Undergrad: 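Submitted below is the structure of interest, expressed as structure tokens.
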Amino acid sequence: MSSPAKLRVIQWATGGVGKAAIECVNNHPQLELAGCWVHSGEKDGRDVGDIIGTGRLGVAATTSVDQLLALDADCVVYSPLIPNDKEVQAILRSGKNVVTPVGWVYPDLTNARSKAIHDAAVEGGVTLHGSGIHPGGITERFPLMVSSLSSAVTHLRAEEFSDIRTYNAPDVVRHIMGFGGTPQEAMQGPMASLLEAGFKMSVRMIADHMGFRIDPDIKTTQDIAVATADIDYDPFPITAGTVAARRFRWQALVDGEPVITAAVNWLMGEENLDPDWNFGGIGERFEIEITGDPTISLTFKGLQPPTIAEGLKRNPGVVATANHCVNAIPDVCAAEPGIKTYLDLPLIAGRPDAKLAATQQQ
């Protein structure tokens, strides 16, 4: 009996997530790389394997959107830094499913922007699924799973503690995240609004699915710590008085009291900070805590690199973000048209190493 045809995948952008997604596609027995969009003219026409450093893959990258829209493919892994709604709609209308870590984890279809994406998917007869890690997994998928072990839940928390020096995108760290600038610049910068849409969707997914009677507005707070002395960060100086740590909180409230909290803590290390923030003695991690009967806590280790140097080469959190998207592709391609969340899809799982896999994987 012959093996079923592989699903053909286009990778959209080759940043950290894009590179890892291509590697995961190549490792997945049900998938094959069919095309790749790149922003830079220097990458146009180059073999994708040469771009990501894995050796030739026989697929040429292109800057042409029209060329990729015309390509015979089943799914696009859409991972630019900032999504372009018109671009996503064009991909969907071309008859290609989309998985993405840059939005639509739990969209409100009464919102005009989300409705336009949903309508484009229905028109194209395909599906869009928002995935990732935080948001896109740690913040809603895994807490919902763990909450099934508890009863009479009074609070659910999902929180990230990361050393941002391991994030190999210095322009983003400086100009979007606001590190190395003044506190005023950071507070007025784009980071809070870029994060807010995704994390608020995650909080609302939990509230809706578990049945919390939350207040209409999600409470948003952000705090900043500044460097008390120069901090070692190679791409640009973190000098005394500039932003060296950021905290964000999104909380669903019932009668003014928090019942769901999603939180991010980004630090340029644990030294020379004011206030004196740290990782609490147990290092970088993601945490999930369900307060109920019983109270349950779950700590994710391994999604942050063991050293700064290793993180700059290959950040496991970025890789996990890509993997979470790619591993969803078979279920997304099999789903009914429209926007589908984790609540609509079957259990998503990874695949074994090729040498450990069964002869045929359905």
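Fair warning: this is a prediction, and the values are worked out from it, not measured in the lab.
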Undergrad: What pairs with H324 under ring pair (Phe, Tyr, Trp, His ring centres under 6.0 Å), at least two apart in sequence or on another chain?
TA: F142, Y342
Undergrad: Check whether T100 reaches the backbone of S79 with its side chain - one donor and one acceptor, N or O, closer than 3.5 Å.
TA: no
Undergrad: Main chain of T139, side chain of R141: is a donor-acceptor contact present, judged purely on distance under 3.5 Å?
TA: no
Undergrad: Quick test of your reading: applying side chain to side chain donor-acceptor pair (under 3.5 Å), list the pairs with at least one residue in residues 252-271, sequence neighbours left out, ordered by first then second residue.
TA: H155-T261, E159-N265, E160-W266, R213-D255, R247-N265, R249-N265, Q251-T261
Undergrad: Give a yes or no answer on whether the side chain of D85 reaches the backbone of I117 with a donor-acceptor pair at less than 3.5 Å.
TA: no
Undergrad: Could you tell me which non-hydrogen atom of V77 sits nearest to which non-hydrogen atom of A21, and how far apart they are?
TA: CG1-CB, 4.1 Å
Undergrad: Using modelled atom types and a 3.5 Å cut-off, is there a donor and acceptor pairing between side-chain atoms of S150 and backbone atoms of P294?
TA: yes
Undergrad: Can you check whether R8's main-chain N or O pairs, donor with acceptor, with D74's side chain at less than 3.5 Å?
TA: yes
Undergrad: According to salt bridge (Lys or Arg N to Asp or Glu O under 4.0 Å), does anything in residues 316-332 pair up with another residue at least two apart or in another chain? List the pairs.
TA: none
Undergrad: Check ring pair (Phe, Tyr, Trp, His ring centres under 6.0 Å) between W104 and all other residues, then give those that pass, not counting sequence neighbours.
TA: none
Undergrad: Treating D47 as the side-chain partner and G58 as the backbone partner, does any N or O pair qualify as donor plus acceptor under 3.5 Å?
TA: yes
Undergrad: Is the backbone of G16 close enough, under 3.5 Å, to the side chain of R314 for a donor and an acceptor to pair up by distance?
TA: no
Undergrad: Among side-chain atoms of K43 and T14, is any donor-acceptor pair under 3.5 angstrom?
TA: yes
Undergrad: List for me each residue that meets side chain to side chain donor-acceptor pair (under 3.5 Å) alongside K355, sequence neighbours excluded, and say none if there are none.
TA: D353
Undergrad: If you take all heavy atoms of V254 and I214, which pair is closest and at what distance?
TA: CG2-CA, 3.9 Å
Undergrad: Can you name the side chain to side chain donor-acceptor pair (under 3.5 Å) partners of K200, sequence neighbours left out?
TA: none
Undergrad: Sorted by first residue and then second, give each side chain to side chain donor-acceptor pair (under 3.5 Å) pair with at least one member in residues 215-239; sequence neighbours left out.
TA: Q222-R246
Undergrad: Will you find, in the side chains of Q11 and Y78, an N or O donor that is under 3.5 Å from an N or O acceptor?
TA: no
Undergrad: Classify the ring geometry between W37 and H39 as parallel (under 30°), tilted (30 to 60°) or perpendicular (over 60°).
TA: perpendicular
Undergrad: Quick one: do D50 and R56 make a salt bridge, cutoff under 4.0 Å?
TA: yes
Undergrad: Tell me which pairs pass side chain to side chain donor-acceptor pair (under 3.5 Å) where either residue lies in residues 292-304, with sequence neighbours left out.
TA: S162-Q304
Undergrad: Just to verify, what does Y106 make a ring pair (Phe, Tyr, Trp, His ring centres under 6.0 Å) with, not counting sequence neighbours?
TA: none
Undergrad: Run the side-chain donor-acceptor check on residues 178-199: report pairs under 3.5 Å with partners two or more places apart or on a different chain.
TA:
residue : atom : partner : partner atom : Å
T182    : OG1  : E185    : N            : 3.1
E185    : OE1  : T182    : N            : 3.0
S193    : OG   : P190    : O            : 2.9

Undergrad: Between K19 and A13, is there a donor-acceptor pair closer than 3.5 Å when you use the side chain of the first and the backbone of the second?
TA: no
Undergrad: In this structure, are over 12 heavy atoms from other groups packed under 6.0 Å from F212 atom CZ?
TA: yes
Undergrad: When you measure from the side chain of T321 to the backbone of G317, do you find a donor-acceptor pair of N or O atoms at a distance under 3.5 Å?
TA: yes
Undergrad: State, to 0.1 Å, how close A349 and N327 come at their nearest heavy-atom pair, and which atoms those are.
TA: O-CB, 3.6 Å
Undergrad: Answer yes if the side chains of D108 and T110 hold a donor-acceptor pair under 3.5 Å, and no otherwise.
TA: yes
Undergrad: Got a sec, which hydrophobics cluster with V122, joining ILVMFWY side chains under 4.5 Å apart, including via others?
TA: none
Undergrad: Judged by atom type as modelled, is there a donor-acceptor pair below 3.5 Å linking the side chain of S114 to the main-chain atoms of N111?
TA: no
Undergrad: Apply side chain to side chain donor-acceptor pair (under 3.5 Å) to R204 and list each qualifying residue two or more places apart in sequence or on a separate chain.
TA: none
